[in-house]
Amino acid sequence: MSGKPSTMGVIGAGAWGTAIAQILSEGQDELLLWARETDVVEQINDTHENKAFLPGHPLRKNIRATRDMDELAACEALLIVTPAQHLRTSLQALPDSNAALILCSKGIEEATQQLMSEVVQDMRPDNPLAVLSGPTFAHEVAQGLPTALTLACDSEELWDRLNPLISKPSFRPYYSDDIAGAEIGGAVKNVLAIGCGVVEGAGLGQNARASIISRGFAEMLRYGAARGARAETLSGLCGLGDLVLTCSSTSSRNFSLGKGLGEGQSAKTLLTNRATVAEGAATAPVLQRDAKARGIEMPIVDAVCALLAGQIDSHAIVAQLMGRPLVSERR
């Protein structure tokens with residue numbers, strides 16, 4: 001290593017955090033990757049692989065893992081990739097710095113119904129803020145396969161600072177100033193992906209899955225409008241693009257969870273046996289409560305919540321959705 005302070009740090013060494021570290025370490029002297037688990041830190045530093053969360057992907061030797069948050073104090077930019085429900089705790093442990101905080105977690109805080117950006121504004125109001133979101137599977141990013149996504153920033157000046165750090169030959173960010181839109185797309189699509197997984201697991205066919213995607217997108221637009229997101233943002237990479245990807249493959253943790261539900265397994269069993277977090281399971285009931293409080297109809301989100309709570313099975317849910325009153329497609 002050169003001994004220079006790291007320009008960037010990544011907080012969270014799950015599959016996605018490790019993949020981000022791998023792609024962004026290109027051209028860097030050193031990239032710091034904070035992990036909670038001692039064995040993950042030792043493994044990354046000793047073997048240059050995260051066998052626990054991203055096995056089979058050799059990591060660059062300029063990635064250095066650490067459990068010491070204070071080491072991140074000199075970073076110019078910090079990408080936060082912890083589970084959404086742990087964001088506030090991570091921010092509490094973060095040392096004081098002027099680093100730009102780039103949110104990569106997708107969800108809504110359970111206790112407050114705040115978006116991740118709103119949590120940051122509560123905890124670290126003086127730090128520049130950005131959201132990185134889009135159609136991304138961690139293993140493909142780690143392999144260097146072509147990826148495009150949205151980088152929503154609270155100012156053009158911040159975009160000008162971050163773009164050279166984040167843009168790589170196979171990793172292309174597009175600028176947006178719609179932070180709420182970038183966040184809402186990522187949070188809602190995780191819940192809808194569970195619904196599409198249910199369709200797959202129950203053997204209900206491709207027609208049904210396409211219907212869930214398109215009608216779910218309508219729900220995303222309604223909810224986004226209520227929270228200040230722009231429709232054109234949600235129609236882009238961080239909304240529709242991410243929705244289509246996440247609803248189409250078992251590489252998605254949320255889709256895989258839904259598939260298990262559709263096959264008749266219980267949510268409790270599926271969530272207990274998972275080493276990784278399916279953010280949609282935590283987001284669904286929070287999203288449902290917030291939507292009801294705002295008077296927004298989200299029947300697919302309601303259905304996913306009922307399945308996660310074990311209140312109804314997948315075939316009954318489909319019958320319920322198909323039996324809703326006939327209305328204009330614009331609603």
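The figures that follow rest on heavy atoms only: side chains count, while hydrogens, waters and symmetry mates do not. Fair warning: this is a prediction, and the values are worked out from it, not measured in the lab.
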task: Before giving the answer on side-chain contact (heavy atoms from CB on, under 4.5 Å), spell out for Leu78 and Met8 the whole-Å C-alpha distance, their side-chain angles and the decisive distance to 0.1 Å.
output: CA-CA 6 Å; Leu78 294 172; Met8 287 189 292; over 6 Å; no
field: Test side-chain contact (heavy atoms from CB on, under 4.5 Å) applied to Ser251 and His139, step by step
entry: CA-CA 9 Å; Ser251 292; His139 64 280; 3.4 Å; yes
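- When every heavy atom of Gly107 is checked against every heavy atom of Thr283, the shortest pair comes out as CA-OG1, 3.6 Å.
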- request: Start with the C-alpha gap between Ile44 and Leu59, add the side-chain angles, then the distance that decides, and say whether side-chain contact (heavy atoms from CB on, under 4.5 Å) holds.
  value: CA-CA 8 Å; Ile44 291 172; Leu59 303 176; 4.1 Å; yes
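- Of the possible polar contacts, one joining the Glu219 side chain to the Ile300 backbone as a donor-acceptor pair under 3.5 Å is found.
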task: Could you give me the CA-CA distance, side-chain angles and deciding distance for Arg230 and Asp177, then say whether salt bridge (Lys or Arg N to Asp or Glu O under 4.0 Å) is met?
output: CA-CA 10 Å; Arg230 296 198 297 267; Asp177 63 357; 2.6 Å; yes
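- Rounded to the nearest 0.5 Å, atoms NE2 (His86) and CD1 (Ile11) are 14.5 Å apart.
- Thr233 places no side-chain N or O within 3.5 Å of a backbone atom of Gly181 that could act as its donor or acceptor partner.
- Although no hydrogens or angles enter the test, the distance criterion places no donor-acceptor pair under 3.5 Å between the side chain of Ser214 and the main chain of Ile212.
- The local environment of CD in Gln92 is crowded, with over 12 non-hydrogen atoms from other residues, nucleotides or ligands closer than 6.0 Å.
- Cluster annotation: Leu192 is connected to Val286 through the hydrophobic network of ILVMFWY side chains, with a link wherever side-chain heavy atoms come within less than 4.5 Å.
- Thr112 and Glu109 share a donor-acceptor pair across their side chains, judged by distance under 3.5 Å alone.
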- prompt: salt bridge (Lys or Arg N to Asp or Glu O under 4.0 Å) between Glu118 and Arg227: does it pass, once the steps are laid out?
  reply: CA-CA 12 Å; Glu118 293 169 334; Arg227 295 207 65 160; 3.0 Å; yes
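- Between the side chains of Thr7 and Glu76, no donor-acceptor pair is found at a separation under 3.5 Å.
- Only one option out of Ile179, Val120, Ile108 pairs with Leu115 in a side chain to side chain contact (heavy atoms under 4.5 Å, CB included); it is Ile108.
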- request: Go through the steps to decide whether Leu308 and Leu257 satisfy the test side-chain contact (heavy atoms from CB on, under 4.5 Å), and finish with yes or no.
  value: CA-CA 10 Å; Leu308 288 170; Leu257 171 61; 4.2 Å; yes
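- Remark: side-chain polar atoms of Arg60 are paired, donor with acceptor, to backbone N or O of Gln22 under 3.5 angstrom.
- By the 4.0 Å N-to-carboxylate-O rule, Arg64 lies close enough to Glu30 to be salt-bridged with it.
- Heavy-atom minimum distance, Ala180 versus Ala229: C-CB, 4.2 Å.
- For the atom pair CD of Glu71 and OG1 of Thr66, the computed distance is 3.5 Å after rounding to the nearest 0.5 Å.
- Residues Leu24 and Trp159 share a single hydrophobic cluster, defined by chaining ILVMFWY side chains whose heavy atoms lie under 4.5 Å apart.
- Taking both residues in full, the closest heavy atoms of Thr18 and Leu54 are given as CG2-CD2, 3.9 Å, listed atom of the first, atom of the second, then distance.
- The distance from atom CG of Leu132 to atom CG of Leu151, rounded to the nearest 0.5 Å, is 6.0 Å.
- The shortest heavy-atom contact between Leu149 and Gly134 is CB-CA, 3.9 Å.
- Counting heavy atoms of neighbouring residues, nucleotides and ligands inside a 6.0 Å radius, atom CG of Asn207 does not exceed 12 of them.
- In terms of modelled atom types and a separation under 3.5 Å, the side chain of Asn62 and the main chain of Gln28 share a donor-acceptor contact.
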Salt bridge (Lys or Arg N to Asp or Glu O under 4.0 Å) between Lys259 and Glu263, intermediate numbers included: CA-CA 6 Å; Lys259 185 172 183 290; Glu263 291 168 346; 2.7 Å; yes
- request: Might you work through the salt bridge (Lys or Arg N to Asp or Glu O under 4.0 Å) test for Glu37 and Arg67, ending with a clear yes or no?
  value: CA-CA 8 Å; Glu37 304 90 348; Arg67 291 190 71 239; over 6 Å; no
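- One distance of note links SG of Cys104 with CD1 of Ile102; it measures 6.5 Å at 0.5 Å rounding.
- In summary, the side chains of Ser266 and Thr269 do present a donor paired with an acceptor at a separation below 3.5 Å, with no hydrogens or angles considered.
- Atom CZ of Arg36 has 12 or fewer heavy atoms from other residues, nucleotides or ligands within 6.0 Å.
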task: Test side-chain hydrogen bond (donor to acceptor under 3.5 Å, both in side chains) on Arg88 and Gln114 and set out the steps.
output: CA-CA 11 Å; Arg88 194 174 291 270; Gln114 288 183 325; 2.9 Å; yes
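- In this structure, Asp96 and Arg124 approach most closely via the heavy-atom pair CA-NH2, 3.7 Å.
- Looking at heavy atoms from C-beta onward, Glu156 lies in side-chain contact with Tyr175 at the 4.5 angstrom threshold.
- By the criterion of side-chain heavy atoms lying less than 4.5 angstrom apart, applied directly or through intervening Ile, Leu, Val, Met, Phe, Trp or Tyr residues, Leu243 is not grouped with Phe255; the two fall into different hydrophobic clusters.
- Crowding of Asp46 atom CG: a count of heavy atoms from other residues, nucleotides or ligands under 6.0 Å exceeding 12.
- Criterion: ILVMFWY side-chain heavy atoms under 4.5 Å apart, direct or through other members. Under it, Leu237 and Leu162 are not part of a common hydrophobic cluster.
- Proximity of a side-chain donor or acceptor of Lys106 to a complementary backbone N or O of Ser133 within less than 3.5 Å is not detected.
- Because its NZ or CZ atom is both nearer than 6.0 Å to the ring centre of Tyr174 and within 45° of the ring axis, Arg172 counts as a cation-pi partner of that residue.
- Looking at Asn190 and Glu279, their side chains never bring a donor and an acceptor atom within 3.5 Å of each other.
- In the hydrophobic clustering of ILVMFWY residues, with side-chain heavy atoms under 4.5 Å counting as a link, Ile80 and Val41 come out apart.
- Considering all non-hydrogen atoms of both residues, Ile213 and Cys196 come closest at CG1-SG, 3.7 Å.
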